[in-house]
Asker: 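Shown below is the structure under consideration.
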2 protein chains.
Amino acid sequence: MGMNLAALVEVIVTARANNLNVSTHESMAQRAYRLIRADIISGARDPGERLRIEMLKTVYDIGPTPLREALQKLSTEGLVLALEKRGFMVSPLNLDEFSDLNIARIEIEKVALARSLALGDNQWESRVVAATYLMKKEDEALLASGAGVYDAWESANAEFHAAMIAACGSKWLLQMRDQLQDMCERYRRSSISQSNKKTVNGNRDVGEEHAAISDAVLSRNSELACQLTESHYMKTLSRLGGNPNLVGDLQP
Amino acid sequence: MGMNLAALVEVIVTARANNLNVSTHESMAQRAYRLIRADIISGARDPGERLRIEMLKTVYDIGPTPLREALQKLSTEGLVLALEKRGFMVSPLNLDEFSDLNIARIEIEKVALARSLALGDNQWESRVVAATYLMKKEDEALLASGAGVYDAWESANAEFHAAMIAACGSKWLLQMRDQLQDMCERYRRSSISQSNKKTVNGNRDVGEEHAAISDAVLSRNSELACQLTESHYMKTLSRLGGNPNLVGDLQP
DNA sequence: AAAATAGAGATTGTCGAGAAAATGAAATTT
DNA sequence: AAATTTCATTTTCTCGACAATCTCTATTTT
């Protein structure tokens, strides 16, 4: 692939702006980062678990240098804790931090949602409609099966919420939100693996919540959309044992 | 310093929660991270500048492995761009991204400010009063001197704005805000070095703006405080050539 | 002259080795 | 017995070396 530097920078900056992955063949460091990150978020690695280089070398078949680079990146994100002269560990979980994360996530999501509703064009509306359609199908399938959430449901859910805020006009706002989302996801997963997976959606009709959010968004009712989204996330939070008192609306 | 692992993790987690630095003797990787980060934010390293390992090795007297770890961390933050098989460079600046960053920063700051006003206690009020007092002194000194901003003014300004939002109840919200702030700072610095330093505060009476913000905060007038803070930051943005249209209030 | 090619030199990304520090178990002291 | 010390082992962090790849100049071709 012959390409000069300026052109490559252009490609990378543009791709990053659209949250795309441009790599032809990833480096060992990237690979390590991707794999370890996925293992931590999915709960395959327990919170508090030591991440010893020798062990990781054996498991992922990657040398110590790229492994350390990956762990440093993850420590910047907060998924990994770097202990001076004592290596790395998966960041421990605690409920106070979960509340803290959720406050940040929900507040940022609300801001992005309000902006998105104010700025979104027809293209964006079409994406919202498409995501809503898919979400409805998956919510119905989930309700019918009575089982836990599928991967298909998960990805429809992710796209549903991403679509709503996509037109907010700041990729940094979206990136902050994504990062906080991933941190929260780890709490959700570890909570699921501890309790019964079937209770994940409790007695809620998540489909109805999604439909209400979509309606509010498409009718550009910013206040209602924010309120519904907040309570949507808060229901998940309180079911997982977080402290909802710290999150809720402040002005009565 | 004899200390078992559990105790150390406790110390580190607690210290991180309060944004403290607990290191007794920093590692080469930490040192590289700190120095390179400061050089990028201060503008000592130009946007778009290649960061070659050999060069960095000579300048900072640090081996290639810790240097790469530092660069990877910085690339997670967005200050450095990692180019596949072509090393690292200081992230290029562009005005669109500056607007983007400012949207995110101002929105997050407003959210944190509203929460802080709703949740802050007497202890917090006292910090606000102290920061306001110091800020007033520094603003007066700045006005009297007629010169550019001093380090003392910079740090008073940083504490002034940090104090206002300190009681928001989410360390993550504050951390996101800090990260965006540092990114914005780099734009401000590079803009200053290009133009005349004396024009930094233009015809604005920044002292008056600060006083108005402080009054609104202490009287718990959330809406006014948010509005004043937003326009305070926007004045800086538009003077630096950003696109203020993309930032402003959305609901008329 | 502009574009393509080729090859010397520089740079990245990775690995293994080794010094310095932490850990844990056994021995010693209080 | 509990606390301290000792010391062998493990682990981290850092460095230099090396293969793979990129870059830049000089040369050839169109």
Side-chain angles (χ1 to χ4, degrees), chain A residues 1-12 21-36 45 48-76 80-91, chain B residues 1-12 21-36 45 48-76 80-91:
Chain A
M1 185 169 65
M3 189 185 265
N4 68 22
L5 183 65
L8 181 71
V9 171
E10 181 88 9
V11 167
I12 290 178
N21 190 354
V22 74
S23 73
T24 51
H25 192 61
E26 69 182 352
S27 69
M28 289 292 124
Q30 278 177 277
R31 183 181 167 77
Y33 172 76
R34 185 172 53 79
L35 294 174
I36 298 173
R45 298 218 167 273
E49 179 184 340
R50 296 289 296 275
L51 295 166
R52 294 208 174 76
I53 300 293
E54 275 304 316
M55 179 271 281
L56 299 174
K57 241 171 76 173
T58 318
V59 173
Y60 298 105
D61 196 32
I62 294 174
T65 311
L67 280 174
R68 288 186 58 85
E69 289 177 19
L71 293 171
Q72 292 282 9
K73 289 194 77 159
L74 291 165
S75 81
T76 307
V80 159
L81 203 56
L83 309 163
E84 195 145 317
K85 276 275 169 194
R86 261 163 267 209
F88 303 87
M89 68 161 52
V90 180
S91 290
Chain B
M1 184 170 65
M3 189 187 265
N4 68 21
L5 184 66
L8 181 73
V9 171
E10 181 87 11
V11 167
I12 290 179
N21 191 354
V22 73
S23 74
T24 50
H25 192 61
E26 70 182 350
S27 68
M28 288 293 121
Q30 278 177 275
R31 182 181 168 77
Y33 172 77
R34 184 172 53 79
L35 294 175
I36 298 173
R45 298 219 166 271
E49 180 184 338
R50 295 290 296 275
L51 296 166
R52 294 206 175 80
I53 300 294
E54 274 304 317
M55 180 270 283
L56 299 174
K57 241 172 76 174
T58 318
V59 173
Y60 298 106
D61 196 34
I62 294 175
T65 311
L67 279 174
R68 290 186 56 84
E69 289 177 22
L71 292 170
Q72 292 282 9
K73 288 194 78 161
L74 290 165
S75 81
T76 307
V80 159
L81 203 55
L83 308 163
E84 196 146 314
K85 274 275 168 195
R86 260 164 270 208
F88 303 87
M89 69 161 54
V90 180
S91 290

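Within every chain, numbering begins at 1; the chains are lettered A, B, ... in the order of the sequence lines, protein sequences first and strands thereafter. Just so we're clear, the structure is a prediction, and the values are computed from it rather than from any experiment.
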Asker: Write down the distance between CD (Glu26(B)) and P (dT14(D)), rounded to a whole number of angstrom.
Answerer: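 So the two atoms are 10 Å apart, to the nearest Å.
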Asker: For Lys57(A) and Lys85(A), find the nucleotide of DNA chain C closest to each by heavy atoms; which residue's nucleotide sits nearer the 5' end?
Answerer: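 Checking each residue's closest nucleotide, the 5'-ward one belongs to Lys57(A).
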Asker: Checking Ile36(A) against Leu67(A) for the side chain to side chain contact (heavy atoms under 4.5 Å, CB included) test, could you report, in this order, the C-alpha distance in whole Å, the side-chain angles of both residues, the deciding distance, and whether it holds?
Answerer: CA-CA 9 Å; Ile36(A) 298 173; Leu67(A) 280 174; 4.0 Å; yes
Asker: 5'-most contact on DNA chain C: Ser27(A) or Arg52(A), nearest heavy atom basis?
Answerer: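 The residue whose closest nucleotide sits nearer the 5' end is Ser27(A).
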Asker: Kindly point out which of dT12(C), dT14(C), dC13(D) is positioned nearest to the side chain of Ile53(B)?
Answerer: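 Out of dT12(C), dT14(C), dC13(D), the nucleotide with an atom closest to Ile53(B)'s side chain is dT12(C).
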Asker: What is the distance, to the nearest angstrom, from the CD atom on Gln30(B) to the C1' atom on dC13(D)?
Answerer: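 Rounded to whole Å, this separation is 11 Å.
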Asker: Roughly, in whole Å, what's the span from CG in Leu71(B) to C1' in dT12(C)?
Answerer: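 Going from Leu71(B) (CG) to dT12(C) (C1'), I get 12 Å.
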Asker: Give the minimum heavy-atom separation between Lys73(A) and Thr76(B), together with the two atoms involved.
Answerer: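 Closest approach of Lys73(A) to Thr76(B): CE-OG1, 2.9 Å.
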Asker: Using whole Å, report how far CD of Glu84(B) lies from P of dT11(C).
Answerer: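 Going from CD in Glu84(B) over to P in dT11(C) covers 20 Å.
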Asker: Using whole Å, what does the distance between atom P of nucleotide dA10(C) and atom CG of Leu51(B) come to?
Answerer: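 Nearest whole value for this atom pair: 20 Å.
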Asker: With a 3.5 Å distance limit and no angle check, can you tell me whether Gln72(B) reaches the backbone of Glu69(B) through a side-chain donor-acceptor pair?
Answerer: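 Answer holds: no.
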Asker: Classify the side chain of Thr65(A) versus the base of dC15(C) as yes if they form a donor-acceptor pair under 3.5 Å and no if they do not.
Answerer: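 Flag set: donor-acceptor pair detected.
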Asker: Using whole Å, what does the distance between atom P of nucleotide dT14(C) and atom NE2 of His25(A) come to?
Answerer: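 Whole-Å distance recorded here is 10 Å.
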Asker: dT11(D) C1' sits how many Å from Leu56(A) CG, rounded?
Answerer: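 So the CG-C1' distance, Leu56(A) to dT11(D), works out to 12 Å.
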Asker: Just by distance, do the side chain of Arg50(A) and the backbone of Arg86(A) share a donor-acceptor pair under 3.5 Å?
Answerer: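 It does hold such a pair.
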Asker: Quick check: closest heavy atoms across Val80(B) and Leu71(B), and the distance to 0.1 Å?
Answerer: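 Where Val80(B) meets Leu71(B) most closely, the heavy atoms are CG1-O, 4.0 Å.
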Asker: Does Arg86(B) put a side-chain nitrogen or oxygen below 4.0 Å from OP1 or OP2 of dT23(D)?
Answerer: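 Affirmative; the distance criterion is met.
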Asker: Distance check needed: dT14(D) C1' versus Gln72(A) CD, whole Å only.
Answerer: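 Taking atom C1' of dT14(D) as the reference, CD of Gln72(A) is at 13 Å.
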Asker: Under 4.0 Å between a side-chain N or O of Arg68(A) and OP1 or OP2 of dT12(D)?
Answerer: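 It does not, given that no N or O in the side chain of Arg68(A) lies less than 4.0 Å from OP1 or OP2 of dT12(D).
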